[in-house]
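Below, read A as the first sequence line, B as the second, and so on, with proteins coming before strands; counting in each chain starts at 1.
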Amino acid sequence: MAIGVRRIGGEKSWFCHLHHFLSTSTENAASSISDIEGEFKSLCSTGRIKEAFNAYNAEIWTDQHLFSYLIQSLIPKKSLFIAKQLHSLVITSGYYFKDKFVRNHLLNMYIKMGEIHEAIAFFNAMPMRNIMSHNILINGHVQHGDLESAINVFDEMPERNVATWNAMISGLVHFEFNENGLFLFREMHGLGFLPDEFTLGSVLRGCAGLRASYAGKQVHAYVLKYGYEFNLVVGSSLAHMYMKSSSLGEGERVIKVMPMRNVVAWNTLIAGNAQNGHSEGVLDLYNMMKMSGLRPDKITLVSVISSCAELATLFQGQQIHAEAIKAGANSAVAVLSSLISMYSKCGCLEDSMKALSDCEHLDAVLWSSMIAAYGFHGRGEEAVHLFEQMEQEEAMIRSMPLEADVVIWKTLLSACKIHRNADMATRTAEEILRLNPQDSATYVLLSNIHASAKRWKDVSKVRTTMRDRNVKKEPGLSWLEVKNRIFQFSMVGPHGAKNALGKCCKKMFNMNHKDVIDYILVSQIKSPSNCITFNLIDEEVEGLMDTAPAGCRARNRGYSGVGA
DNA sequence: GTAGGGTTAG
């Protein structure tokens with residue numbers, strides 16, 4: 001590694017002044033060592049490095065702690081040039097050979113600055129390494145996305161501590177090698193290492209990734225045994241594990257017994273409800289969170305916007321959009337892509353397009369959201385055009401997650417339906433079902449395509465496969481939004497009209513439109529927060545939509561999934 | 001007392 005104390009290039013170096021003080025400063029400060037350290041630390045941590053350096057240029061040479069603070073303060077500056085100058089000063093001071101803290105701080109500095117090659121060279125040249133040095137390097141490799149190198153360091157270590165195991169487990173789980181992470185946890189525990197809050201957080205994330213509630217329950221036992229149930233991070237990851245494994249109630253219980261909640265705990269609760277089909281409760285939770293004095297972050301907003309999309313509550317979606325603008329979170333890609341989906345599902349494709357145009361940096365999920373929005377509105381050609389545009393970006397295709405592939409295939413299936421191409425539809429549907437065998441919308445769409453081509457044998461084959469695989473079709477739903485309330489209608493088919501509810505609605509349908517609305521307002525059949533559900537047959541929904549008064553928004557979402 | 005790790009989302 002090339003290290004020089006002299007000035008390099010045209011950049012001005014304030015370290016150069018050091019040599020002057022090295023030979024001239026003999027003054028002894030009146031304040032105690034701990035006072036100096038405190039002041040120096042505070043200057044460094046607030047980024048006032050020059051000030052710290054100028055005020056304590058003499059003390060730096062007699063107190064190795066000050067070098068450590070100085071090294072840490074350089075991390076956010078992200079300047080390899082200045083980092084190397086400080087590195088050379090550390091060598092000049094003699095602390096590089098004398099002090100293991102200073103050495104590890106330097107290693108950590110290169111890693112945190114993203115300079116993995118400098119870090120590796122530094123590690124290889126280190127005169128002495130301890131467990132900490134190895135742990136820092138493992139984390140560096142993981143941060144750089146190089147799990148193999150991380151594993152090599154881990155395997156070759158002469159001695160390990162809990163943090164070593166934590167670094168390796170969290171690295172594996174981070175890259176979704178969840179099973180390997182859990183195996184490592186078992187090995188670690190077998191060797192007598194006790195899990196700490198860091199271990200438990202990673203292991204629970206691994207269980208969540210595997211939807212492994214049985215393993216998760218065992219980890220829950222460890223959480224209770226070692227007394228981490230009220231730890232905010234452990235509690236949130238434990239609740240998340242349950243909620244990902246479809247045990248919403250168990251997850252809620254974990255959060256509810258916690259004496260304190262932070263934004264992450266609230267987000268876990270809100271996202272858990274949103275993802276388990278409890279969108280109605282999400283807005284209530286969101287309001288409770290704000291009432292407790294916490295500000296929503298982009299993760300909160302994403303979950304709440306998705307719930308508005310699920311319920312097609314346009315007005316509330318717009319309110320949250322306004323809050324996102326106020327919070328300055330409206331340029332975050334995650335928030336924008338959920339806004340695109342929300343506006344699309346609420347029937348406002350133009351607003352989806354507007355949200356897309358607000359975005360400065362496009363990523364794969366964002367493109368997919370807009371492609372799906374076009375597909376959702378039956379605008380297959382625009383969807384394909386956007387897909388072609390996206391194809392231009394090489395990097396974009398490579399970074400595409402699995403979900404995006406499904407979206408693209410489903411968009412193509414939608415186009416097959418419009419163009420009545422049954423053969424291509426069959427091949428496309430096979431591709432989708434290979435990726436997601438439980439996708440009910442694809443079965444329904446494929447069955448309809450076969451039906452319109454009068455291929456009855458194929459229709460029956462699709463239906464049989466659906467039954468065999470126990471695929472549940474989501475009901476088609478329509479909405480009527482009146483004064484910030486949502487009236488939701490599910491189509492139950494000709495037989496459903498015979499039930500009492502159907503009769504009741506039929507009666508309602510024969511009223512004039514003012515009476516219809518009044519009737520709806522007083523007859524809450526199902527009343528989660530602001531949503532009322534009626535079961536109607538298709539014609540009645542159409543008829544009811546026609547009676548909607550001016551200024552009231554009526555939308556028909558059609559069958560859930562692709563197409564319209 | 002000067003060094004390293006964990007959780008939530010589109």
Ignoring the backbone of [X], work out which of [options] is nearest its side chain.
{"X": "A/Ser303", "options": "B/dA9, B/dT2, B/dT7", "result": "B/dA9"}
{"X": "A/Val234", "options": "B/dG5, B/dG6, B/dA9", "result": "B/dG6"}
{"X": "A/Ser68", "options": "B/dT2, B/dA9, B/dT7", "result": "B/dT2"}
{"X": "A/Phe198", "options": "B/dG5, B/dT8, B/dA3", "result": "B/dG5"}
{"X": "A/Asn231", "options": "B/dA3, B/dT7, B/dG6", "result": "B/dG6"}
{"X": "A/His240", "options": "B/dG10, B/dT8, B/dT2", "result": "B/dT8"}
{"X": "A/Leu366", "options": "B/dT2, B/dG10, B/dG6", "result": "B/dG10"}
{"X": "A/Tyr69", "options": "B/dT2, B/dG10, B/dA9", "result": "B/dT2"}
{"X": "A/Thr268", "options": "B/dT8, B/dA3, B/dA9", "result": "B/dT8"}
{"X": "A/Glu197", "options": "B/dG6, B/dG10, B/dT2", "result": "B/dG6"}

Inset, instruction - Using a 4.0 Å heavy-atom cut-off across all strands, classify A/Ala163 as base, sugar-phosphate, or nothing. - result: base
Inset, instruction - With heavy atoms under 4.0 Å as the rule, sort A/Ser237 into base, sugar-phosphate or nothing. - result: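 Sugar-phosphate contact only - A/Ser237 comes under 4.0 Å of backbone atoms but never of a base.
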Legend entry - Positions of residues 327-342 of chain A (non-hydrogen atom under 4.0 Å from DNA chain B), listed by number: A/Val333, A/Ala334, A/Ser337
Inset, instruction - May I ask you to list the residues of residues 178-192 of chain A, by number, that have any heavy atom positioned under 4.0 Å from an atom of DNA chain B? - result: none
For [X] and [N], what is the distance between atoms [atom1] and [atom2] respectively, to the nearest whole Å?
{"X": "A/Asn161", "N": "B/dA3", "atom1": "CG", "atom2": "P", "answer": "15 Å"}
{"X": "A/Ile138", "N": "B/dA3", "atom1": "CD1", "atom2": "C1'", "answer": "15 Å"}
{"X": "A/Arg205", "N": "B/dG5", "atom1": "CZ", "atom2": "P", "answer": "15 Å"}
{"X": "A/Ile270", "N": "B/dT8", "atom1": "CD1", "atom2": "C1'", "answer": "10 Å"}
{"X": "A/Leu269", "N": "B/dT7", "atom1": "CG", "atom2": "P", "answer": "19 Å"}
{"X": "A/Asn108", "N": "B/dG5", "atom1": "CG", "atom2": "P", "answer": "7 Å"}
{"X": "A/Phe40", "N": "B/dG1", "atom1": "CZ", "atom2": "C1'", "answer": "17 Å"}
{"X": "A/Ile299", "N": "B/dG10", "atom1": "CD1", "atom2": "P", "answer": "9 Å"}

Inset, instruction - May I ask you to test the A/Tyr242-A/His220 pair for a side-chain heavy-atom distance under 4.5 Å? - result: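 Sidechains of A/His220 and A/Tyr242: in contact.
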Inset, instruction - Taking the side chain as every heavy atom from C-beta outward, state whether A/Leu200 and A/Ser237 have any pair of such atoms under 4.5 Å apart. - result: no
Parallel, tilted or perpendicular: ring planes of [X] versus [Y], cut at 30 and 60 degrees:
{"X": "A/Phe40", "Y": "A/Tyr56", "answer": "perpendicular"}
{"X": "A/His144", "Y": "A/His117", "answer": "perpendicular"}
{"X": "A/Tyr226", "Y": "A/Tyr222", "answer": "parallel"}

Legend entry - With sequence neighbours excluded, residues passing side-chain hydrogen bond (donor to acceptor under 3.5 Å, both in side chains) with A/Tyr286: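 Scan of A/Tyr286 (side-chain hydrogen bond (donor to acceptor under 3.5 Å, both in side chains), adjacent residues dropped) gives A/Glu323.
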Legend entry - Pairs touching residues 150-160 of chain A that satisfy side-chain hydrogen bond (donor to acceptor under 3.5 Å, both in side chains), sequence neighbours left out: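 Sorted pair list comes back empty.
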Inset, instruction - Could you classify B/dG5 for me, syn or anti, using a glycosidic angle within 90° of 0 as syn? - result: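 For B/dG5, whose glycosidic angle is within 90° of 0, the conformation is syn.
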Legend entry - A/His189, NE2: over 12 other non-hydrogen atoms inside 6.0 angstrom: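 Yes, NE2 of A/His189 has more than 12 neighbouring heavy atoms, counting only those of other groups under 6.0 Å.
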Legend entry - Atom CZ of A/Arg186: over 12 foreign heavy atoms under 6.0 Å: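 No, not enclosed.
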Whether [X] contacts [N] is assessed here as follows: a side-chain N or O lying under 4.0 Å from the phosphate OP1 or OP2. Is that the case?
{"X": "A/Gln64", "N": "B/dA3", "result": "no"}
{"X": "A/Gln72", "N": "B/dT2", "result": "no"}
{"X": "A/Lys345", "N": "B/dG10", "result": "no"}

Which donor-acceptor pairs under 3.5 Å do side chains of residues 93-102 of chain A form with protein atoms, sequence neighbours excluded?
{"residue": "A/Ser93", "atom": "OG", "partner": "A/Val90", "partner atom": "O", "Å": "2.6"}
{"residue": "A/Ser93", "atom": "OG", "partner": "A/Tyr95", "partner atom": "N", "Å": "3.2"}
{"residue": "A/Tyr95", "atom": "OH", "partner": "A/Trp61", "partner atom": "O", "Å": "3.2"}
{"residue": "A/Asp99", "atom": "OD1", "partner": "A/Phe101", "partner atom": "N", "Å": "2.8"}
{"residue": "A/Asp99", "atom": "OD1", "partner": "A/Val102", "partner atom": "N", "Å": "2.7"}
{"residue": "A/Asp99", "atom": "OD2", "partner": "A/Gln64", "partner atom": "NE2", "Å": "3.3"}

Under 3.5 Å donor-acceptor pairs involving side-chain atoms of residues 268-275 of chain A, not counting sequence neighbours:
{"residue": "A/Thr268", "atom": "OG1", "partner": "A/Val264", "partner atom": "O", "Å": "2.7"}
{"residue": "A/Asn273", "atom": "ND2", "partner": "A/Glu252", "partner atom": "OE2", "Å": "3.1"}
{"residue": "A/Asn273", "atom": "ND2", "partner": "A/Leu269", "partner atom": "O", "Å": "2.9"}

Legend entry - Side-chain donor/acceptor of A/Asp297 to base of B/dA9, under 3.5 Å: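 No, the side chain and the base share no sub-3.5 Å donor-acceptor pair.
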